Protein chains: 2
Amino acid sequence: MKTVSGSGLKLTPQRMAILGCLEGNRCHPSAEEIFRQVSQAYPMMSFATVYNTLSMLRDRGLVLELTIDPTRKRYDPNVTPHHHVICLACGKIADVHAEYDLNVPADIADAFVMSGNHVEFYGTCRACGNAAQPKGE
Amino acid sequence: MKTVSGSGLKLTPQRMAILGCLEGNRCHPSAEEIFRQVSQAYPMMSFATVYNTLSMLRDRGLVLELTIDPTRKRYDPNVTPHHHVICLACGKIADVHAEYDLNVPADIADAFVMSGNHVEFYGTCRACGNAAQPKGE
DNA sequence: TTTTTTGCAAAGGGTTTGCATCCCC
DNA sequence: GGGGATGCAAACCCTTTGCAAAAAA
């Protein structure tokens, strides 16, 4: 995650707590998960502050807002280009560090100015696969 | 879109209307858009039926449920493998017909059994770009 | 002091669910 | 008659918003 200093953000305790929760976090937490975790140290923390802070971080490019989970937004402090895989059984998301050559057809290149891309992989993680197979169901 | 016959679905007027609305539809409509359109011919149509039907079609692989739009699910009757681009300004989604070689790193291949993938492109469509540029804002 | 941020609570949008009714086989 | 489908409304979840109080610069 990029540093906050110099981006004009006021560094409040709430924001420090949220940043601390995100820093190095590889779990792709949702806003609610961040709220729950940060609330342990800051019981007065409100949802609004979490959402405000996440939106601000997203707008400044300090976190990525992932749409891969159909039920909620997830946040990733790793803003270097990478992709993701989601377990269709349990929803677990893992990073996929790979570079792909993703050229779009001419008609699309004509119709859109591209600013980025993201590959979503769908699969079943080992834990879910192991849980499902042995029973022979 | 694949045919419904032989999949055990009862072909009710409501479902025919929803299928008719989706057939060949390249607009990636949301459930609400489908509801509005189908309601014109079937004023008694309920949201529950739209959602029920879409879930059923999705479970049977007859439509794709897209998560590319962070605000709502969108549905695509074209179930042949393809990708999408979304305009970050207006939310318009277009198909990207291209095949990519998307091999995942060994650690991911070990941890997940892959079942599919999807590339999301982000950009600005010509309409939004034209609207933004000329004013020099 | 001036501006920003917080916390609370309510509202909002999209989706799901419970249940009685209805329809078709 | 019986299982499934429908319609309605309420419930639910996640997210956003309005506003007064509090905190930061």
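Because the structure is a prediction, the values reported are computed rather than measured. Naming convention: chains lettered A, B, ... in sequence-line order (proteins, then strands); numbering from 1 in each chain. These numbers come from the heavy atoms of this one structure, side chains and all, not from hydrogens, waters or symmetry mates.
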Answer yes if the side chains of B:Q14 and B:Y42 hold a donor-acceptor pair under 3.5 Å, and no otherwise. no
The side chain of A:K10 is closest to which nucleotide in this list: C:dG7, D:dT6, C:dT3? C:dT3
Both A:M56 and A:F47 contact DNA chain C. Taking the nearest nucleotide for each, which residue is further toward the 5' end? A:M56
To the side chain of B:Q14, which of C:dC8, D:dT15, D:dG7 is closest? D:dG7
When you compare the side chain of A:T67 with that of A:R74, does any pair of heavy atoms fall below 4.5 Å? no
Sub-4.5 Å side-chain heavy-atom contact between A:F112 and B:T124: no
Rounded to whole angstroms, how far apart are CE on B:M45 and C1' on C:dC22? 15 Å
As a test of reading the structure: which of D:dC8, C:dA9, C:dT15 is closest to the side chain of A:A48, going by heavy atoms? C:dA9
With a 6.0 Å cut-off on ring centres, are A:H84 and A:H28 close enough? yes
By the 4.0 Å heavy-atom rule, please label B:S30 as base, sugar-phosphate, or nothing. nothing
Rounded to whole Å, please give me the gap between CZ in B:R72 and C1' in C:dT16. 17 Å
Would you say a side-chain N or O of B:Y51 is under 4.0 Å from OP1 or OP2 of C:dT16? no
Scan side-chain atoms only and decide if B:N117 and A:H83 contain a donor-acceptor pair under the 3.5 Å cut-off. no
From the options D:dC8, D:dT6, C:dT6, select the nucleotide whose nearest atom is closest to the side chain of A:N52. C:dT6
Starting at NZ of A:K73 and ending at C1' of D:dT15, how long is that distance when rounded to a whole Å? 7 Å
Whichever of A:T12 and A:E65 has its nearest DNA chain D nucleotide further upstream toward 5': A:E65
Between C:dT16 (C1') and B:E32 (CD): distance, integer Å: 16 Å
Measure from CG on A:L54 to C1' on D:dT16 and round the result to the nearest Å. 13 Å
Value in whole Å for how far the C1' atom of D:dC14 lies from CG of A:L66: 16 Å
N/O (side chain, A:R15) to phosphate O (OP1/OP2, C:dT5) under 4.0 Å: yes
Would you mind reading off the distance between A:L57 atom CG and C:dT5 atom C1', rounded to a whole angstrom? 14 Å
Respond yes when some side-chain nitrogen or oxygen of B:T49 is under 4.0 Å from OP1 or OP2 of D:dG7, and no when none is. yes
I need the CG-C1' distance between B:L19 and D:dA5, as an integer number of Å. 14 Å
